[in-house]
Each structure stands twice: as C-alpha cells, then as structure tokens.
Amino acid sequence: MASPLQSSLLCFIGGGNMAAAIIGGLVSKGIDKHHVTVSEPWDVNRDKIAATGVRTTTSNVEASQNADLVLLAVKPQVAKTVCQELAGAWAQRDSLPLVVSIAAGITLDSLRDWSKLADGRTPHIVRVMPNTPALVGEGASGLFAGGDVSDAEKELVTALLASVSKATEWVDKEELIDVVTGLSGSGPAYFFAIVEHLISSATSLGMPQEQATRLAKQTCFGAGKMLVESSDEPAQLRKNVTSPNGTTDAALKSFDAANFKGIVDGAVKAATNRGEELGRTLGK
C-alpha cells in the first residue's frame, strides 16, 4: 500500500537549508516532484530548489493554494506575517491544510491565533524541531501536535520527517519542544565545537593541522556510529574506553575538575531558555 505522503500535495513556505534537505530526502524516497511546491523569495535559494525538479514560486498564496500539507520553513521573526497571509488566502477552501512549523520557539497558541480564518476555522498544526544533520540524511527531529491533530496526520508528518531523520520523536508536552531545541536542535554545534577544540589542542602540541583535523573528524564520526549501533548505553561505552589510571581516565578527570557536566547542562538550558524567550517575545 502506498504511503499517504505519496499522494499528498506538499507546500514549503521558505526554501532555505532545512527545507532543501527535506525536499531532497523526499525526492530520494520517490515522492512525485510535481506534488511539491516551494515558495522562496530569494533567487539563489529558489534556483537551487528548482534544480531538484520541484515546482517553485515567489508567492506563498500560490504555493499553498491546493496543498494538503504546508511546511513553514521561515524564520521565527516572519512567522506571524506569513501565517496571516495564508489564513487570508484560505477563506474559500472547504478543507484546510495540515500546517507543520519548524520556526523555533513559536508556540501552538501563537500559530493558531495567526492562522485563524475570518470564519473562525483554524488549521491543524504540528510543531517540529529538526536539526542540520538532516542535510546528510542523519537528522534528529522532535515533534508536538495540537490536540486536534489526528493519528493519520501524525503518520503523514512522521513520514515527511523520516525522509531526513533517523530519530523522529513525538513529545507529549509542548514545552519539551524547547528542550529538543537545546538537545538536538542546537546539539550539532556542541559536537562541532568539541572537534574544533580537539584540533586546536593537538596542533598546540605540535601535530600538523591537517592530520589533527582528519583524526578528530574520524574520531567523532566513529564514536557517533558506536553510539547509534551499539546496544550499550553511552555511560557504558565511556567505561569501556577508560582503563583505571590510564590516559582516558586522566582526560576524563580533567573534565570533572572543570565541571564538564555543569558546562553541558548550562549549554542545553541556555538554548532551551532562548527557545522559550523567542516564543514569548515573537508570539505577541
């Protein structure tokens, strides 16, 4: 049986990196390119998207006119304007599209308020927080649905995100989407920063930068693969590498002395709090 995604008309409002990643994933999964329309104002982004074979336009209204699912891939700062524009254009539609928002911090209440039609109807809405490894088909996404979203609609969104995400997790409280932002949404940057500093440390000790870069990158990739493919918990994998009084033990003790746990905890909380702040300030 064909997936409902195969027969759905999909609209992307915004054609930036995340939209491009999802579209690329859909195309690689055999989705009919003529079922996908992208609205993107910038010529460079629009031309890049058009090269995949999907339809493109500069008009949000035109792109969403007949869509079954509309994905808002816009910056949080313009989400209100876009939602209000779409709501005004959908007045003559008998059935409203399912709306999927990847705008960080913008709450369901705000999205519903901005998307409400003059006759009082509101589209069903799902919030999603993907991350940039979706660009290479290795994404992790957190999702939260409004209470009016059906199981069939959830399946549709899951199939959409599965085109680029290896982990697609539905959370049962909206505030947990901000935690997803702090964990996996911003998380790739934490690992990039660690690798950056590993390279810097090795070069300061005399290793050529090219060699240090290759070793650090592969170490990160290999450790990530072990995390995904091993049945052991991360704590056990760490113990497996750590001999008492050995080199790894010495390194980890230096982490403890620097309060590494507190540093990571502070980073995740800072990103989570910023997501909440965006929702408060931009949702007015």
Side-chain angles (χ1 to χ4, degrees), residues 5-6 8-83 85-86 89 97-106 111 114-115 123 125-144 153 156-168 177 180-181 184-186 188-189 275 278 282:
L5 194 62
Q6 295 284 343
S8 297
L9 298 179
L10 309 176
C11 163
F12 289 74
I13 306 297
N17 285 338
M18 192 56 64
I22 296 173
I23 292 164
L26 293 171
V27 170
S28 71
K29 300 292 185 182
I31 295 295
D32 188 337
K33 298 175 184 179
H34 295 98
H35 287 183
V36 181
T37 304
V38 183
S39 173
E40 168 56 48
W42 295 100
D43 292 345
V44 173
N45 286 348
R46 192 171 61 256
D47 292 345
K48 189 183 298 184
I49 293 289
T52 67
V54 304
R55 302 172 187 270
T56 60
T57 177
T58 58
S59 169
N60 295 337
V61 172
E62 177 187 342
S64 66
Q65 188 172 19
N66 299 310
D68 300 307
L69 183 152
V70 173
L71 188 138
L72 298 177
V74 298
K75 294 185 182 300
Q77 292 80 358
V78 300
K80 181 177 182 179
T81 301
V82 170
C83 287
E85 177 189 15
L86 294 175
L98 174 64
V99 174
V100 177
S101 171
I102 63 173
I106 305 300
L111 292 166
W114 301 338
S115 302
I125 300 172
V126 175
R127 286 185 62 190
V128 177
M129 176 48 61
N131 65 4
T132 55
L135 294 167
V136 292
E138 296 288 345
S141 299
L143 308 89
F144 178 77
E153 288 172 323
L156 187 66
V157 180
T158 298
L160 177 76
L161 271 298
S163 65
V164 291
S165 293
K166 293 296 180 65
T168 304
I177 282 291
V180 172
T181 301
S184 56
S186 300
L278 284 172
L282 298 177

Looking only at non-hydrogen atoms, find the nearest pair between Leu111 and Ser101 and report the distance.
CD1-CB, 3.7 Å
Residue pair Gln6 / Ile31, side-chain heavy-atom distance below 4.5 Å:
yes
Could you check whether any side-chain heavy atom of Phe12 comes within less than 4.5 Å of a side-chain heavy atom of Ile49, counting everything from C-beta outward?
no
Are Leu135 and Asn17 packed together at the side-chain level, in the sense that at least one heavy-atom pair is separated by less than 4.5 angstrom?
yes
I'd like to check Ser115 versus Val99 (side-chain heavy atoms, cut-off strictly below 4.5 Å). Are they in contact?
no
Using the side-chain contact (heavy atoms from CB on, under 4.5 Å) rule, take His35 and Leu10 through it: C-alpha gap first, then chi angles, then the decisive distance, then the call.
CA-CA 6 Å; His35 287 183; Leu10 309 176; 5.6 Å; no
Shortest non-hydrogen contact between Leu86 and Ser64, atoms and distance:
CD2-OG, 3.3 Å
Is the closest side-chain heavy-atom distance between Ser39 and Ile13 below 4.5 Å?
yes
I want to check something: taking the side chain as every heavy atom from C-beta on, are Trp114 and Ile106 in contact at a cut-off of under 4.5 Å?
yes
Minimal heavy-atom distance between Ala73 and Ala19, with the atoms involved, is CB-CB, 4.0 Å
From Leu160, Leu71, Asp68, Leu69, residue fulfilling side chain to side chain contact (heavy atoms under 4.5 Å, CB included) relative to Leu98
Leu69
Any side-chain to backbone donor/acceptor pair from Asn131 onto Ala140? Under 3.5 Å, distance only.
yes
State, with a plain yes or no, whether a side-chain heavy atom of Lys80 is found less than 4.5 Å away from one of Leu282.
no
Using a 4.5 Å cut-off on heavy atoms from C-beta on, say whether the side chain of Lys29 contacts that of Leu5.
no
Walk me through whether Arg46 and Asp43 qualify under side-chain contact (heavy atoms from CB on, under 4.5 Å).
CA-CA 5 Å; Arg46 192 171 61 256; Asp43 292 345; 2.6 Å; yes
Main chain of Ala159, side chain of Ser163: is a donor-acceptor contact present, judged purely on distance under 3.5 Å?
no
